[in-house]
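We use all heavy atoms of the structure for the numbers below, so side chains are in, but hydrogens, waters and symmetry mates are not. Owing to the predicted nature of the structure, the values given are computational and were not obtained by experimental measurement.
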Amino acid sequence: MNARLDAGLPVRRSERLPTGLLEIDLYNGADELDALLGFAARANAKRGFLFLSKVLGKHWPVRPSTMLAVHARLAAGVPAGDGPVLFIAMAETAVGLGQGVFEAWLRANPGRDALFLHTTRYRVGTGPIIEFEEAHSHAPRQFLHMPASRHEQDLLLNARTIVLVDDEASTGNTFVNLAQACLRLNPAIERVHLAVIANFMGQAATGALAARFGMPATLGALIDGEYRFEAAHIPVDAAPAQRFDALAERGASTAFGRLGLTRGLRTPEALAHRLAAGIAPGAKVLVLGTGEFMHASTLLGAALEALGLDVVVQSTTRSPILTWGAVGHALSFPDNYGEGIANFLYNVAPGQYAQVLVCHETPPNAALRELAAQLGARLFHYHTEDDVEEVPVR
């Protein structure tokens, strides 16, 4: 145990980033900090730091079994309550985390009604949407779609508990914005729960959540603390990370959570067995999600890991991060969703893995083939969870 925590004092940590000085006080989870988080610097004038999760499957390679264990821990913190439960994951970083927490909760609560949605930066279909902002993000505009089916709409409109999932909470403003938008749709929501890997809002702000949400509010986190950041005066990347066009078809799927799910995705056992048969024992394997399309790659990775393979999972991202601290390597490539913005992959170098399996929801395109060429990867197009096609790289 830490002596400062035993004395009721926070554990203090200071990190000098290229973009400024980050200081944190840790109240809970200090012993797990280095296993759960690293620190990185963002090329973002709004926020020059990043609490980089090592168990999220986004910017850092992680074993699928480790991710699933984190999902179960966060799901266990969701308080009991009556009525349907609405789970919402925050795009793009926490889409996979939220879907995993939802599925872990379903396993622990058989027979309960629940709906999973994830926010998105892509408009799909022609149905109603909620629009809100993640103000500090490099790509602030987000949408929440109304489910397409009547049953899923009823779950949304009759939910009593809303569970908002993200990798970290630093101000809580985005959560409040989204919850208020949901309340306008469903005034019967009675309580809100925040499920995050790291809560850095601080004790005062965390204690005031109920007042901010206007209803009973709880929070479950593996790390609790607060931060202070003193920004340095340095140039930052002003390149846009979002070019929204309401009329553009981005290839984003409607089958994996944007329009609602009431059950977990099926694990692709047959695909995993077929792939494992062609992978040499001891070979290092990376299963790579793309953008907001993350959880399917985690399930494929988990199936391969269960067959004894040495597997890690992570994802591409639109977030610009400097090569420093927890980011040791960065690759840049075009956006497979067709917004014409740069995408990135961190902590992966060409040749590092014997096999790289790229899972994507968009149709095969030049951007995906360029990424595959850089990594010597294979491409797997998920039409649906049960219809996965390996497509030629050339």
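- By the rule that hydrophobic residues join a cluster once side-chain heavy atoms approach within less than 4.5 Å of another member, Val348 and Val55 end up as members of separate clusters.
- Screening residues 90-118 for ring pair (Phe, Tyr, Trp, His ring centres under 6.0 Å) gives Phe87-Phe102, Phe87-Trp105, Phe102-Phe116 as the qualifying pairs, with residues at least two apart or on separate chains.
- Applying the ring pair (Phe, Tyr, Trp, His ring centres under 6.0 Å) definition to pairs two or more places apart or across chains, those involving residues 296-339 are Tyr122-Tyr337.
- Considering only residues two or more places apart in sequence or on other chains, Thr317 meets the side-chain hydrogen bond (donor to acceptor under 3.5 Å, both in side chains) condition with Glu92.
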Residues 268-286 side chain polar contacts: donor-acceptor under 3.5 Å, at least two apart:
{"from": "His273", "atom 1": "ND1", "to": "Glu269", "atom 2": "O", "distance (Å)": "2.9"}
{"from": "Lys284", "atom 1": "NZ", "to": "Asp310", "atom 2": "OD2", "distance (Å)": "3.2"}

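- Here the side chain of Gln352 pairs a donor or acceptor atom with the backbone of Ala349 at under 3.5 angstrom.
- A distance of 6.5 Å separates OG of Ser53 from CG of Asp167, quoted to the nearest 0.5 Å.
- One distance of note links CG of Leu259 with CG of Leu144; it measures 10.0 Å at 0.5 Å rounding.
- Residue pairs satisfying the salt bridge (charged side-chain N to carboxylate O under 4.0 Å, His left out) criterion with at least one member in residues 93-113, sequence neighbours excluded, are absent.
- Judged by distance alone, with hydrogens and angles left aside, the side-chain atoms of Thr119 form a donor-acceptor pair with the main-chain N or O of Ala91 at under 3.5 Å.
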Got a list of side-chain donor-acceptor pairs under 3.5 Å for residues 362-372, not counting sequence neighbours?
{"from": "Thr362", "atom 1": "OG1", "to": "Asn336", "atom 2": "ND2", "distance (Å)": "3.0"}
{"from": "Asn365", "atom 1": "OD1", "to": "Ala367", "atom 2": "N", "distance (Å)": "3.2"}
{"from": "Asn365", "atom 1": "OD1", "to": "Leu368", "atom 2": "N", "distance (Å)": "3.0"}
{"from": "Asn365", "atom 1": "ND2", "to": "Asn336", "atom 2": "O", "distance (Å)": "2.8"}
{"from": "Arg369", "atom 1": "NE", "to": "Pro392", "atom 2": "O", "distance (Å)": "3.3"}
{"from": "Arg369", "atom 1": "NE", "to": "Val393", "atom 2": "O", "distance (Å)": "3.2"}

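- Between the side chains of Glu152 and Ser149, at least one donor N or O sits under 3.5 Å from an acceptor N or O.
- With contacts defined as side-chain heavy-atom distances shorter than 4.5 Å, the pair Val358/Arg378 does not qualify.
- The stretch residues 192-216 participates, sequence neighbours left out, in these ring pair (Phe, Tyr, Trp, His ring centres under 6.0 Å) pairs: Phe51-Phe200.
- Looking at Asn347, its side chain does come within 3.5 Å of a backbone N or O of Ala326 through a donor-acceptor pair.
- A salt bridge links Glu168 and Arg47; the closest N-O separation between the charged side-chain nitrogens and carboxylate oxygens is under 4.0 Å.
- Taking CG of Asn158 as the start and CG of Leu115 as the end, the distance is 11.0 Å to the nearest 0.5 Å.
- Once rounded to the nearest 0.5 Å, the distance linking CD of Glu385 with OG1 of Thr267 reads 9.5 Å.
- Among residue pairs with one or both ends in residues 278-322, those qualifying as ring pair (Phe, Tyr, Trp, His ring centres under 6.0 Å) are Phe256-Phe293, Phe293-Tyr382; sequence neighbours excluded.
- Atom CZ of Arg150 sits in a sparse spot, with 12 or fewer heavy atoms from other residues, nucleotides or ligands closer than 6.0 Å.
- A distance of 5.0 Å separates CD in Gln374 from CG in Leu331, rounded to the nearest 0.5 Å.
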Mind listing the side-chain donor-acceptor pairs of residues 299-308 below 3.5 Å, one per line with the distance, residues two or more places apart or on another chain?
{"from": "Glu305", "atom 1": "OE1", "to": "Ser65", "atom 2": "N", "distance (Å)": "2.9"}
{"from": "Glu305", "atom 1": "OE1", "to": "Ser65", "atom 2": "OG", "distance (Å)": "3.4"}
{"from": "Glu305", "atom 1": "OE2", "to": "Ser65", "atom 2": "OG", "distance (Å)": "2.8"}

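- Considering CE of Met294 and CE of Met67, their distance stands at 6.0 Å, rounded to 0.5 Å.
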Show me, pair by pair, the donor-acceptor contacts under 3.5 angstrom made by side chains of residues 178-187, not counting sequence neighbours?
{"from": "Asn186", "atom 1": "OD1", "to": "Ala188", "atom 2": "N", "distance (Å)": "2.9"}
{"from": "Asn186", "atom 1": "ND2", "to": "Leu156", "atom 2": "O", "distance (Å)": "3.0"}
{"from": "Asn186", "atom 1": "ND2", "to": "Leu157", "atom 2": "O", "distance (Å)": "3.4"}
{"from": "Asn186", "atom 1": "ND2", "to": "Ala159", "atom 2": "O", "distance (Å)": "3.0"}

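- More than 12 heavy-atom neighbours from other residues, nucleotides or ligands sit within 6.0 angstrom of CZ on Arg228.
- Residues Lys58 and Ser315 bring a donor and an acceptor atom of their side chains to less than 3.5 Å of each other.
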* **Test side chain to side chain donor-acceptor pair (under 3.5 Å) applied to Glu389 and His383, step by step** => CA-CA 8 Å; Glu389 173 193 10; His383 301 275; 2.9 Å; yes

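- Sequence neighbours left out, the pairs with a member in residues 343-368 that pass salt bridge (charged side-chain N to carboxylate O under 4.0 Å, His left out) are Arg258-Glu361.
- Note: the hydrophobic cluster containing Leu74 does not contain Leu68 (ILVMFWY, side chain heavy atoms under 4.5 Å, direct or indirect links).
- Cluster annotation: Val62 is not connected to Tyr353 through the hydrophobic network of ILVMFWY side chains, with a link wherever side-chain heavy atoms come within less than 4.5 Å.
- Within the structure, every pair that satisfies the side-chain hydrogen bond (donor to acceptor under 3.5 Å, both in side chains) test and touches residues 70-90, not counting sequence neighbours, is listed here: Glu32-Arg73.
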